[in-house]
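Since the structure comes first, as structure tokens, the remarks are kept for the end.
Residues: numbered from 1 along the sequence shown. Note that ligands are numbered from 1 as they come in the structure, with each ligand's atoms numbered from 1 the same way.
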Amino acid sequence: MRMPELGPVAALQRVTVRYGAGAPALDGIDLELHRGEIIGIVGESGAGKSTLLRLLDADETPSAGRVLIEGADPSGMRERERRALRRRIGMVFQSFNLLANRTARQNVELPLRLQRRREPAFVDELLDYVGLSDRGSAYPAQLSGGQKQRVAIARALVTRPPLLLCDEPTSALDERTTSDILRLLASTRDDFGTTIALVTHELAAVKAICDRAAILDKGRLQGIVTVEHSARDDRGSYVEHAKRVLGS
Ligand SMILES: Nc1ncnc2c1ncn2[C@@H]1O[C@H](COP(=O)(O)OP(=O)(O)OP(=O)(O)O)[C@@H](O)[C@H]1O
């Protein structure tokens, strides 16, 4: 397993992504994900957040520049190698993306089964970790939104990923459940050392758990701020607002 312990988990070097003749979806992005950090990726709709997440998931190839994940450039990989890399990256989605006809436990086991692995003790441990040790045999339809997201987080962690990508993980949840899920993500970083990239339009979520935040606007990185916890909410442009709410 390739694990350069000291380098960043992932790096984007002067990355541009173009889909057509218009303005690029991402334009000259330089960004490093530090090992063990929780980094927020924020911006208005269309800013390029999902595109950036797909690059970090080795599911998008830059039009220019370079992406490194665990020190390796996915664009130079054979399909099989790239799939193996992608299996090491955890994903959590807004809509949970659980298989409806599988129990919570079977959903958590799925990434292991796809790799012909079985780790029943670790699956038990994770179900317990996310607070669902007694709901393993429930189907997604029998679970609340927050419980479904807990299953999805356990499923993402079952392969022990060094990097967990979260795409609007709390946007479908109410405020109380949101803070429970954010707490779970924060403890995941603390207990498993997982680096987390949190894409969200909810600045409060970034404020609650992120160490840094990358602010995107129309495909450009407008700033990377260290998140502080005493800034005041104020009016202004989105970028000014985000910098003021999140940064110093
Ligand atoms: N597959 C695609 N083909 C063409 N254009 C695309 C594609 N994916 C994204 N785009 C364009 O790239 C830009 C950035 O899109 P992206 O989905 O990354 O933004 P976002 O910040 O995630 O937005 P949202 O918050 O609405 O999900 C947008 O202008 C979008 O229309």
Exercise. For Glu168 and His201, does a side-chain donor sit closer than 3.5 Å to a side-chain acceptor?
Worked result: yes
For this session: Determine whether the side chains of Thr177 and Asp174 contain a donor N or O and an acceptor N or O closer than 3.5 Å.
Result: yes
For this session: If a pair satisfies side chain to side chain donor-acceptor pair (under 3.5 Å) and one of its residues is in residues 148-164, list it, with sequence neighbours excluded.
Result: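 Pairs touching residues 148-164 that pass the test: Glu119-Arg160.
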For this session: If a pair satisfies ring-ring contact (aromatic ring centres under 6.0 Å, His included) and one of its residues is in residues 77-98, list it, with sequence neighbours excluded.
Result: none
For this session: Using the ring-ring contact (aromatic ring centres under 6.0 Å, His included) rule, collect all pairs that involve residues 21-48, keeping only residues at least two apart or in two chains.
Result: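 Not a single pair qualifies under ring-ring contact (aromatic ring centres under 6.0 Å, His included).
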Once you restrict both partners to nitrogen or oxygen, which atoms of ligand 1 have a protein partner under 3.5 Å, and how far apart are they?
unit_1   : atom_1 : unit_2 : atom_2 : d
ligand 1 : 18 (O) : Ser50  : N      : 3.4
ligand 1 : 18 (O) : Thr51  : N      : 2.9
ligand 1 : 18 (O) : Thr51  : OG1    : 2.6
ligand 1 : 19 (O) : Gly48  : N      : 3.2
ligand 1 : 21 (O) : Ala47  : N      : 3.1
ligand 1 : 21 (O) : Gly48  : N      : 3.0
ligand 1 : 21 (O) : Lys49  : N      : 2.9
ligand 1 : 21 (O) : Lys49  : NZ     : 2.9
ligand 1 : 22 (O) : Ser50  : N      : 2.8
ligand 1 : 22 (O) : Ser50  : OG     : 2.6
ligand 1 : 23 (O) : Gly46  : N      : 2.8
ligand 1 : 25 (O) : Lys49  : NZ     : 2.8
ligand 1 : 26 (O) : Ser45  : OG     : 2.5

Exercise. Charged N to carboxylate O under 4.0 angstrom, Arg78 versus Glu81?
Worked result: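 Answer for the salt bridge query: no.
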